[in-house]
Amino acid sequence: MFSTTPLKYLAIFLLAFFIFSCDSTEPQKRERISFNNHWLFEKTQDTLAYQMDYDDSNWRRLSVPHDWAIEGPFKPEYNSRTGGLPVFGMAWYRKYFTIDPSKKGSIITLEFDGIMSNATIYVNGKKVYHRHNGYIGFEIDITPFINFNKKNCIAVLVDPKPLSARWYSGAGIYRNVWMEIKNPIHIAHWGSRISTPIVTEDMAKVEVKTKLSNKDLNKGPYKLKTTLYDNNNKQVAEDIIKLGIDEPVVEVSQTMEIENPKLWHFERPNLYKAVSILYKNDNAIDNTEVTFGVRTIKYTREGFFLNGKKEKIHGVCLHNDLGPLGAAVNYRATERQLQIMKKMGVNAIRTSHNPTSPEQLELCDKLGLLVQGEAFDVWKLPKTKNDYHTDWDAWHRQDLKDMIRRDYNHPSIIMWSIGNEIKEQKEPYGADIAKELVAICHDEDPTRPTTAGFNQLSAAIKNGLAAAVDLVGANYKPTQYSGVMKQHPTWIVYGSETASAVSSRGVYQLPLQKYDKDPSLQVNSYDIIAPPWAYPPDIEFHFQDALPQVIGNFMWTGFDYLGEPTPYGGKDNETTGSWNTDWPARSSYFGAVDLSGFPKDRFYLYQSQWTTEPMVHLLPHWNWENSGIKTVPVYCYTNADSAELFLNGKSLGKKVKGVDTTRIPVSFHAWGNRPKYFDSPYRLSWNVPYTPGELKVVAYRNDSIVATESVRTAKARNKIRLIPDRNVIKADGQDLSFITVKIEDKDSNFCPLADNKVTFKVTGPGTIEAVGNGNATSTEPFQANYRKAFNGLCLLVVKSKKDFPGDITIEAMSEGLVSSTIQIKTKS
Ligand code: GAL
């Protein structure tokens with residue numbers, strides 16, 4: 001048989017000869033390569049799986065980002081507090097790779113954006129790194145462990161403990177992994193810090209500080225050229241600096257000016273790019289590219305100002321998971337989540353309660369969303385058995401610094417939170433820890449204020465903790481904003497976490513009654529139910545409206561998330577930590593949007609308060625036949641002046657916002673001695689004797705119709721409709737199409753109670769990535785080719801195949817219903 005091997009060796013020899021004889025062994029350019037593919041995975045307790053020659057021949061092949069826990073199955077013993085999913089236990093990832101010998105002399109690093117959690121990394125059988133915190137990324141220099149031109153093996157032990165958080169954290173190498181090959185003298189990891197100390201209409205002063213890492217202690221001469229480009233890739237400034245690098249790490253500063261800068265703000269989030277190239281003797285030896293924005297932020301007692309304009313923060317708290325996709329980061333899924341939030345009128349995200357993915361921040365920069373970057377949910381004192389308190393002493397400084405160093409350049413970030421509801425609010429030493437953390441933040445980043453979320457505000461004021469941060473965040477204390485501001489004449493106050501109302505999409509329980517657990521384990525969607533520390537959104541709206549100087553609020557939460565199924569589940573049982581008293585309730589009811597991304601009614605309540613583009617929304621559904629319900633309360637959420645309701649064409653009267661109110665029950669802790677209800681000016685309502693047909697609402701501004709919405713009584717379920725969010729996606733093996741699956745009657749009316757099981761068949765260059773339906777009690781797997789509808793809807797997520805452009809065909813079938821077929825194009 002003819003062998004190509006000798007020829008191959010000859011080619012390698014000639015190439016090496018050429019390279020060496022050119023005296024140019026140094027890389028001309030940094031290589032940044034995705035290290036996501038060709039991993040092997042096994043859930044094994046075997047502690048020897050780090051060994052080079054370990055037998056992994058039967059291990060599962062996969063790509064990361066990967067979250068093993070989302071694969072299930074759901075089990076009560078996995079604890080509904082963390083989603084009823086296996087977010088703990090030992091597992092190993094292994095990957096073989098080779099590095100071309102021509103790269104000898106280069107620095108080889110691996111960058112993990114995050115491993116959940118308690119990860120130990122081995123290269124060729126040697127332990128090279130350990131990191132407990134799953135939310136922060138890190139870089140490892142693996143150069144000393146590499147075998148050039150031989151097979152190398154990386155093994156990653158991931159060993160998350162049960163109850164390492166109060167929510168579902170996911171498990172595994174759940175964020176991206178990168179390999180970099182670079183010159184021994186290079187721009188350090190997270191080594192560029194860009195700030196804009198002066199911004200006027202005519203000019204922005206841009207300061208670029210660059211850390212250079214010198215692994216050779218080679219003196220140079222060197223030159224660093226940094227060029228700034230606008231969003232059309234037009235060069236707008238450049239600076240070249242000559243330097244000697246005679247220390248292991250050297251920081252250089254370059255100052256440039258951009259004329260007539262295009263500012264970053266909500267509607268036009270303009271971004272700039274700084275390209276830095278490092279030269280040795282006029283040869284380029286390293287390069288990086290960093291995105292930044294030009295904008296100013298200012299906090300005063302009058303409010304928050306972005307580029308000099310006062311803006312109220314209309315924020316949401318978001319947990320880390322992506323619903324049916326679990327915690328594994330996916331760019332499109334993250335983008336979709338943020339786009340849905342923007343539609344609701346959201347202008348800010350709080351990354352509760354941990355550093356988020358780099359992708360989410362990149363998208364917030366692109367979409368014009370402000371961000372509160374949060375470091376911790378726990379300090380020294382625990383909230384759950386194995387949470388961050390076990391790491392606190394050894395890691396908190398490093399973890400906090402790393403979050404700021406990683407995220408410094410994002411224009412979207414406007415404040416750093418050093419903690420959420422930390423137990424030390426009540427401890428005499430709480431203020432000391434806060435001061436230490438605040439000092440770290442100020443040292444790392446003098447451009448942004450610090451904050452924390454206090455649920456025990458009085459205690460945190462008493463022990464000095466609240467005074468230690470720059471912005472005082474109150475969790476669930478709208479009644480105290482005004483008093484606290486009066487008593488502390490310099491403090492700037494806002495709602496770091498608000499409302500925590502609960503509901504299940506499409507669930508309407510009549511007659512209306514205040515909070516009571518329901519045997520269905522669902523929660524009424526009339527937006528009147530909240531746990532005892534929490535309250536309906538209207539209360540927050542009221543205090544925010546009354547106090548324009550309060551800089552805004554972050555409602556809990558934008559999306560439902562896995563775990564913490566309040567009001568079901570229970571208090572942590574001391575010994576087992578179990579929350580399973582109401583199994584299978586396994587995910588949150590707090591979202592304005594359900595776990596699959598379908599808006600609940602509450603989405604529209606916020607939209608009516610946070611947007612100006614005319615909108616109107618009506619609830620409940622109009623299928624009350626056979627229910628025994630004679631009169632139905634009908635709620636309308638609108639940002640128009642007034643709305644008129646029609647039943648089968650007959651007017652039931654016009655209601656005027658600000659004049660007509662809706663009485664809702666309110667009885668949260670901090671409501672005190674006030675009446676146990678609130679006459680909400682934020683919703684219009686009618687009591688409507690039930691007759692099937694069409695219920696229609698017409699919204700007016702200045703007597704002109706600006707928006708309408710109708711709900712019709714659906715007849716028998718007849719067919720499936722498939723509605724993709726995008727018909728064309730990228731053939732990159734990552735991009736997703738989110739397909740809404742809707743059950744309709746024969747006249748195409750939505751069937752609001754349908755629970756049919758739908759089966760999917762996907763053919764062509766795509767695969768099923770996940771299914772879901774927003775039902776917080778479903779134990780059906782998220783990775784399957786079927787899903788039951790929940791109140792008329794379910795979701796199918798389809799992923800493209802890499803490098804196979806073409807048409808994906810998606811068929812949806814259900815017994816007794818007319819099937820549906822659509823096509824999605826994938827493009828290179
Ligand atoms: C807060 C907490 C959040 C979430 C929320 C539910 O106290 O900060 O993480 O648990 O309650 O209402």
Side-chain angles (χ1 to χ4, degrees), residues 79-83 135 163-169 315-321 349-356 372-379 381-384 387-389 417-426 451-460 465 472-478 480 494-504 515 517 523 527-537 539-540 553-572 577 579 582 585-592 595 600 602 666-671 776:
N79 209 333
S80 59
R81 191 185 230 311
T82 50
Y135 292 107
L163 282 171
S164 60
R166 298 184 290 116
W167 54 82
Y168 174 86
S169 52
V316 291
C317 301
L318 287 180
H319 259 317
N320 183 56
D321 70 72
I349 306 290
R350 174 182 180 224
T351 69
S352 45
H353 303 294
N354 38 255
T356 185
Q372 174 188 129
E374 186 154 76
F376 305 117
D377 188 50
V378 173
W379 292 351
L381 299 176
K383 290 182 180 170
T384 57
D387 65 19
Y388 190 74
H389 77 281
S417 165
I418 59 167
N420 171 60
E421 299 189 352
I422 41 100
K423 294 282 182 197
E424 285 80 351
Q425 290 167 104
K426 279 191 157 168
T451 186
F454 301 113
N455 63 330
Q456 289 164 333
L457 191 51
S458 312
L465 215 166
V472 176
N475 284 15
Y476 309 104
K477 301 283 179 288
Q480 295 177 25
Y494 72 103
S496 33
E497 204 174 298
T498 62
S500 262
V502 279
S503 54
S504 305
Y515 172 60
K517 290 189 180 190
V523 183
D527 300 325
I528 55 172
I529 297 182
W533 60 89
Y535 46 87
I539 303 297
E540 190 64 36
N553 80 107
F554 293 86
M555 64 80 96
W556 190 264
T557 45
F559 265 64
D560 272 337
Y561 50 94
L562 287 157
E564 203 178 33
T566 308
Y568 302 106
K571 292 244 174 268
D572 282 332
W579 252 46
D582 297 308
R586 50 69 172 157
S587 57
S588 100
Y589 300 77
F590 289 116
L595 202 68
K600 302 181 190 173
R602 221 156 3 107
V666 176
S667 57
F668 71 114
H669 294 330
W671 190 240

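For reference, positions follow the sequence shown, starting with 1. Read the numbers this way: they start at 1 and go in the same order the structure lists the ligands and their atoms.
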*4.5 Å side-chain heavy-atom contact, Leu318 and Tyr561*: no

*Looking at residues at least two apart in the chain, or sitting in another chain, which of them share a side-chain hydrogen bond (donor to acceptor under 3.5 Å, both in side chains) with Thr451?*
Tyr494

*asked:* Can you confirm whether Glu374 sits close enough to Asn420 that some side-chain heavy atom of one is under 4.5 Å from a side-chain heavy atom of the other?
replied: yes

_Testing the 3.5 Å rule here: is there a donor-acceptor pair between the side chains of Asn455 and Glu497?_
no

_Would you compute the distance between atom CD1 of Ile422 and atom OH of Tyr388 and round it to the nearest 0.5 angstrom?_
13.5 Å

Can you pull every nitrogen or oxygen pair between ligand 1 and the protein closer than 3.5 angstrom?
{"residue": "ligand 1", "atom": "7 (O)", "partner": "Glu421", "partner atom": "OE1", "Å": "2.6"}
{"residue": "ligand 1", "atom": "7 (O)", "partner": "Glu421", "partner atom": "OE2", "Å": "2.7"}
{"residue": "ligand 1", "atom": "8 (O)", "partner": "Asn420", "partner atom": "OD1", "Å": "3.4"}
{"residue": "ligand 1", "atom": "8 (O)", "partner": "Asn420", "partner atom": "ND2", "Å": "2.9"}
{"residue": "ligand 1", "atom": "8 (O)", "partner": "Glu421", "partner atom": "OE1", "Å": "3.2"}
{"residue": "ligand 1", "atom": "8 (O)", "partner": "Glu421", "partner atom": "OE2", "Å": "3.3"}
{"residue": "ligand 1", "atom": "8 (O)", "partner": "Glu497", "partner atom": "OE1", "Å": "3.0"}
{"residue": "ligand 1", "atom": "8 (O)", "partner": "Glu497", "partner atom": "OE2", "Å": "3.0"}
{"residue": "ligand 1", "atom": "9 (O)", "partner": "Arg166", "partner atom": "NH1", "Å": "3.3"}
{"residue": "ligand 1", "atom": "9 (O)", "partner": "Arg166", "partner atom": "NH2", "Å": "2.8"}
{"residue": "ligand 1", "atom": "9 (O)", "partner": "His353", "partner atom": "NE2", "Å": "2.6"}
{"residue": "ligand 1", "atom": "10 (O)", "partner": "Arg166", "partner atom": "NH1", "Å": "3.0"}
{"residue": "ligand 1", "atom": "10 (O)", "partner": "Glu564", "partner atom": "OE1", "Å": "3.2"}
{"residue": "ligand 1", "atom": "10 (O)", "partner": "Glu564", "partner atom": "OE2", "Å": "2.5"}
{"residue": "ligand 1", "atom": "11 (O)", "partner": "Glu497", "partner atom": "OE2", "Å": "3.4"}
{"residue": "ligand 1", "atom": "12 (O)", "partner": "Ser500", "partner atom": "OG", "Å": "2.6"}
{"residue": "ligand 1", "atom": "12 (O)", "partner": "Trp533", "partner atom": "NE1", "Å": "2.9"}

*Check: Ser588/Asp560 side-chain N/O donor and acceptor closer than 3.5 Å*: yes

